[in-house]
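Naming convention: chains lettered A, B, ... in sequence-line order (proteins, then strands); numbering from 1 in each chain.
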Amino acid sequence: MSSHYDFKSIEAKWRDKWIKDKTFKVSTRPGQKKFYLLEMFPYPSGKLHVGHLRNYAIGDAIARRKRMDGFNVLHPIGWDSFGMPAENAAIQNKTHPHKWTVGNIDEMRNQFVKMGISYDWEREVATSHPGYYKWTQWIFARMFDEGVAYRKKSFVNWCAPCGTVLANEQVIDGNCWRCDNQVVQQEREGWFLAITKYADDLLNGLKELAEGWPERVLTMQENWIGKSIGAEVEFTVDGSSEKLTVFTTRPDTLFGATFMALAPEHPMARQLVGGTGQEPEVTAFINETLNQDSTERSGEGAEKKGVFTGRYAVNPMNGEKIPIWIANFVLIEYGSGAIMSVPAHDQRDFEFAKKYGIDIRAVIVTEEQMDGESTSNLIEDYAILKEAYSGDGIMVNSGQFSGLHNRREGIEKVAEYLKEKGLGKKTVNYRLRDWGVSRQRYWGSPIPIVFCDKCGVVRVPDDQLPVILPTEIEFNESSGSPIARSDAFIKTECPKCGGPARRETDTMDTFMCSSWYFNRYTSARNDTAMAAKEDLDYWMPVDQYVGGIEHAILHLLYSRFFTRFLHDIGIAGFQEPFKRLLTQGMVIKEGAKMSKSKGNVVSLDVMSDRYGTDATRLFILFAAPPERDLEWSDAGIEGSFRFMGRVSRWMEGQMGAIKRGGEAPAGLDGLPREAADVRRAVHKTINKVNYDMDRFGFNTAIAAVMELMNTIGAARLADDPASTAVTAEAAESLLLMLAPFTPHFCAEMWERMEKPGSIVDHPFPTADPACMVEDSIEIVVQINGKLRGKFSVPPGASKEELEKLALANEKVTAHMGDKPPRKVIVVPGKLVNIVV
RNA sequence: GCCGGGAUGGCGGAAUUGGUAGACGCAGAGGACUUAAAAUCCUCCGGAGCUUAGCUCCUCGCGGGUUCAAGUCCCGCUCCCGGUACCA
């Protein structure tokens, strides 16, 4: 290693200097534009590995470049430090979650410093710090006052191993997002946030993000919100005054409804059956279904099952009586938990009807069928068919609506009719559910609520915030949260009447803590507000957000919701928190995402000890474009390491010329040939690197710099003043272009070159067009589109000249033989294609 | 099923608007330096064929099409990855 630059002492020197000098302390110089760059803050789980590094290396390259471009850059970091792993680790290691978390933060902070990421450490935040969660609670209080945070009893996702409720977004394929164990449905009371009130706003807001966000994230959010437009239709229960409401996106098929189906959880289910003699069967069916777990009931290929209630509903369109069934495929959470079933035109209804021998009645036929002579036997047709027809067509067997095209007129006309008769109305349904935020865990922000026997549910007043999470507490393996057993925490006074009251012992979902943290960085030490208005107005929204695709729905949707809420109550002057989003791919090792739990991590400490932080950062940016997954290769990093050695050796070898420097003449005129070639390469590279960095093509930017290094390393420039100036310019440009990627090395070489000032604030180089002028360009000759020859011409040669030269080219004439050219296409500066 | 994204050498990946496919790097082969090794430097490196200083043909998942010209545009498939799903 002796022939390599001494990266250990160089990196130590500069990282210490940057911390000591507070080099990256945010400034708000007037007259400069702001740029807020943010990487998703980490959960302090322990040591960082090279998989984590990718996120921060990308962010730092952007931040450093923007800083060189003269922006006032806000580039902060913090810790998403509440959460389950701290509790699990505490139980395992007989320590306390707080101690474990703080220890990990210290360790990871040191690693960030060692990596030389350009953070302003004075703005560091941790969500588990009372100075932070005071404001999480404050936001909850605002939501409570506005009716956005509310309490209800409902079926919730319960993860037994974690001992807590989960939000819908945290259930992945029926399993817990954290521990991967099966989630079951349980009826419970808890706190919910009315994100569904914002469903339409969140959907419409996506349009505004179309330019800056990856399309797939937008579609994922769109699908998650799942808007569908349809109608609510009221059916009366035959022989009773009870009514049942169904939601349908196909009111045009109402005449084809041959039965109705309720979810087993439907409140009317047990009531309806009274006195019909069907009670034993129905009760047994409901109990059986409710005891099934979600995959058994609704997983892939789950069988459709149901039971007849013995009662009938009246179809409001034609007064027909249709049987009411209870069916396992009807979901209580969606729509009204009851459906009208049209077997002819819905595949699920079709399967169910076939199984239980219910009528199948066609009410839509294709336009081709309509042209045929008869539609009378379509009912029989469906009885032998294997599937429902869910496409569009002409309405038949539909009373006054027969003959209409369902999509073009039918849906609208039927909806209008229902409205007129008071039988229903047009409605919109969303797949999105309200966000359950109660967690039966200890390590999270307390919910600022007390329960008073006299006053009921009472919000803790703002001047009593934060409700401190006690850290002096018995923490052991027994199930449930320790604060739920702590009288000292639970027993309190009612803020309203002063009487005895109990504190809420559920804590908040940690995603609440991370749904607003980007605001806090703008005003991190503020103890009178979540953030000062002027700080929010100046810095927000985030100009560029960088993070993993795994948060496409969870964190990114929740943050958008919080921001809209804060906007509506007048705190935020913006509706979208993140203007642009870059989702970096995963780091893969041995076919799996690099993670501690998979045991395939590559230690960041080992890599930076062996190759240095700079080379590690350089490699991770070079190996693949940021959005794509990256296969880690220990061998690959050697290449980046060798490249840095080459740059270092070349610079040391040229140091005399570099220090002498001098003004290069304008453009390329008057430069010796070799020097002109080098200078042209330098400026063309600058041009490409600027272009690539603007589109986050770090891999190609780095490749271009490597290519430049190969060119200037091979060149042998003379000793004349002009050539010396070109060498110095090349060295300077090379360092400036590498500075966002390998900051320690570049700072060191900058100093050795005796350049004034700091490289971190030096303007990023821009290309001079006069230095990119070519003295000759290569023209390709094709015959019938195939490459046949090449020749050089001065730039600006005319079409006629190019054609003449191409036709005169020996190889071309050899190929053409005696066939005359039929057509000649000339693309000036590029090629000539001869068609024979 | 539906919605996104993708498929280029042994490997990671390049190829701004259709215009020289394989930049840059890794791995590999040969050589220089060295007592030796490491480090460094130089050369070669998609495939096949031939009358082998060179030349020809093939090659960007497969099959068609548009065009003077297609990795790039259009149509039809195959496979892989991600998201989502009894959502009425």
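- Projected onto RNA chain B by closest heavy-atom contact, A:Ile553 and A:Gly337 fall at different nucleotides, the more 5' of which corresponds to A:Ile553.
- Nucleotides B:A37 and B:C33 place their P atoms 12 Å apart, quoted to the nearest Å.
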Check step by step if side chain to side chain contact (heavy atoms under 4.5 Å, CB included) holds for A:Leu738 and A:Met644.
CA-CA 10 Å; A:Leu738 285 174; A:Met644 295 191 62; over 6 Å; no
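- Counting non-hydrogen atoms under 4.0 angstrom, A:Arg822 reaches nothing in the nucleic acid.
- Between B:G25 and A:Asn710, a contact under 4.0 Å exists linking OP1 or OP2 to a side-chain N or O.
- Residue A:Gly639 is in sugar-phosphate contact alone, with no base atom involved, counting any heavy-atom pair closer than 4.0 Å across all strands shown.
- Classified by its glycosidic torsion, B:G9 falls in the syn category, the angle being within 90° of 0.
- To the nearest angstrom, P of B:G83 lies 13 Å from NE2 of A:His551.
- B:U20 and B:G28: their P atoms are spaced 32 Å apart (whole Å).
- Residue-level contact check: A:Glu707 touches the backbone only, with heavy atoms under 4.0 Å from sugar-phosphate atoms and none from bases.
- Residue A:Asp346 has its side chain nearest to B:A88 when only B:A88, B:C24, B:A15 are considered.
- At the heavy-atom level, A:Lys688 lies nowhere under 4.0 Å from the strands shown.
- The base of B:G5 has none of its N or O atoms less than 3.5 Å from a complementary donor or acceptor on the side chain of A:Glu215.
- Residue A:Phe622 places its side chain closer to B:C24 than to any other of B:C24, B:A88, B:G13.
- As judged by a 4.0 angstrom heavy-atom cut-off over every strand, A:Thr700 is placed among residues touching the sugar-phosphate backbone only.
- Contacts of A:Asp629 with the nucleic acid, taken as non-hydrogen atoms under 4.0 Å apart, involve only primed sugar atoms and P, OP1 or OP2.
- Partner of A:Phe619 under the ring-ring contact (aromatic ring centres under 6.0 Å, His included) criterion, chosen from A:Phe643, A:Trp632, A:Phe698, A:Tyr611: A:Trp632.
- Each of B:C86, B:A23, B:U84 was ranked by its minimum atom distance to the side chain of A:Ala703; first place goes to B:A23.
- Taking 3.5 Å as the limit, the base of B:C86 and the side chain of A:Lys304 contain a donor-acceptor pair of atoms between them.
- Within 4.0 Å (heavy atoms only), A:Val705 reaches no atom of the nucleic acid at all.
- For A:Ile825, taking side-chain heavy atoms from C-beta onward, the closest of the listed nucleotides B:C68, B:C24, B:C58 is B:C68.
- A:Glu222 comes within 4.0 angstrom of nothing in the nucleic acid, heavy atoms only.
- The list of side-chain hydrogen bond (donor to acceptor under 3.5 Å, both in side chains) pairs with a residue in residues 212-223 of chain A, not counting sequence neighbours, reads A:Gln221-A:Arg560.
- Nearest to the side-chain atoms of A:Trp224 among the listed nucleotides B:U84, B:C24, B:C68 stands B:U84.
- For the P atom pair drawn from B:G61 and B:G9, the interatomic distance equals 8 Å after rounding to whole Å.
- Rounded to an integer number of Å, the gap from A:Gln782 CD to B:G19 P is 11 Å.
- Comparing the same atom, C1', in B:G6 and in B:G25 gives a spacing of 22 Å after rounding to whole Å.
- A salt bridge links A:Asp677 and A:Arg680; the closest N-O separation between the charged side-chain nitrogens and carboxylate oxygens is under 4.0 Å.
- Backbone-only contact: A:Arg788 has heavy atoms under 4.0 Å from sugar-phosphate atoms and none from a base.
- A:Asp349 comes within contact range of no nucleotide atom at all, as no heavy-atom separation falls under 4.0 Å.
- Here the nucleotide nearest the side chain of A:Ala624, chosen from B:A15, B:G13, B:A88, is B:G13.
- Here A:Arg642 reaches the OP1 or OP2 of B:C26: one of its side-chain N or O atoms lies under 4.0 Å away.
- Among pairs with a residue in residues 797-807 of chain A, none fulfils salt bridge (Lys or Arg N to Asp or Glu O under 4.0 Å), at least two apart in sequence or across chains.
- Enclosure of atom NZ in A:Lys227 by more than 12 non-hydrogen atoms of other residues, nucleotides or ligands within 6.0 angstrom is indicated.
- Not one side-chain nitrogen or oxygen of A:Tyr691 sits closer than 4.0 Å to the OP1 or OP2 atom of B:U16.
- Nucleotide B:U20 holds its C1' atom 14 Å from the CD1 atom of A:Ile783, rounded to whole Å.
- Contacts of A:Val827 with the nucleic acid, taken as non-hydrogen atoms under 4.0 Å apart, include base atoms.
- Between the C1' atoms of B:C45 and B:G83, the separation comes to 41 Å (whole Å).
- Within the nucleic acid shown, A:Asn699 comes within 4.0 Å of sugar-phosphate atoms alone, with no base atom in reach, counting heavy atoms only.
- Close to B:C58, at under 4.0 Å from its OP1 or OP2, lies a side-chain N or O of A:Lys786.
- Phosphate proximity of B:C87 to A:Arg250: absent, as no side-chain N or O sits under 4.0 Å from OP1 or OP2.
- When distances run from any side-chain atom of A:Leu331 to the nucleotides B:A69, B:C24, B:A88, the shortest one goes to B:A88.
- With hydrogens and angles ignored, the 3.5 Å screen pairs no side-chain donor or acceptor of A:Ser341 with any backbone N or O of A:Pro343.
- Salt-bridge check for A:Lys684 with A:Glu774: passed, with a basic side-chain N closer than 4.0 Å to an acidic carboxylate O.
- Counting heavy-atom neighbours within 6.0 Å of A:Lys355 NZ, excluding the residue itself, gives a total above 12.
- Here B:G4 is the nucleotide among B:G25, B:U20, B:G4 with the atom lying nearest to any side-chain atom of A:Arg216.
- The CE-C1' distance, from A:Met586 to B:G5, rounds to 13 Å in whole Å.
- Separating the C1' atom of B:A85 from that of B:C74 is a span of 31 Å, rounded to the nearest Å.
- Proximity of A:Ser633 to the phosphate of B:A27: no side-chain N or O atom is located under 4.0 Å from OP1 or OP2.
- B:C24 and B:C44: their P atoms are spaced 12 Å apart (whole Å).
- There is a side-chain donor-acceptor pair under 3.5 Å between A:Asp434 and A:Thr196.
- In this structure, the nucleotide among B:G83, B:A88, B:G25 sitting nearest to the side chain of A:Arg646 is B:G25.
- Between A:Ile332 atom CD1 and B:A88 atom P there is a gap of 16 Å when expressed in whole angstrom units.
- Distances shown here put every side-chain N or O of A:Arg628 at or beyond 4.0 Å from the OP1 or OP2 atom of B:G5.
- Looking only at side-chain heavy atoms (C-beta outward), A:His555 and A:Glu550 stay at 4.5 Å or farther from each other.
- Residue-to-nucleotide proximity on RNA chain B shows that, of A:Arg431 and A:Lys823, the 5′-proximal contact is made by A:Lys823.
- When rounded to the nearest whole Å, the span between CZ of A:Arg649 and C1' of B:U40 equals 6 Å.
- A gap of 28 Å separates the C1' atoms of B:C3 and B:A70, to the nearest Å.
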For RNA chain B, just give me the dot-bracket, please: Watson-Crick or G-U, both distances below 3.5 Å, ( ) intra-strand, [ ] crossing earlier pairs, | paired with another strand, . unpaired.
(((((((..(((......[....))).(((((.......))))).(((((...)))))..(((((..]....))))))))))))....
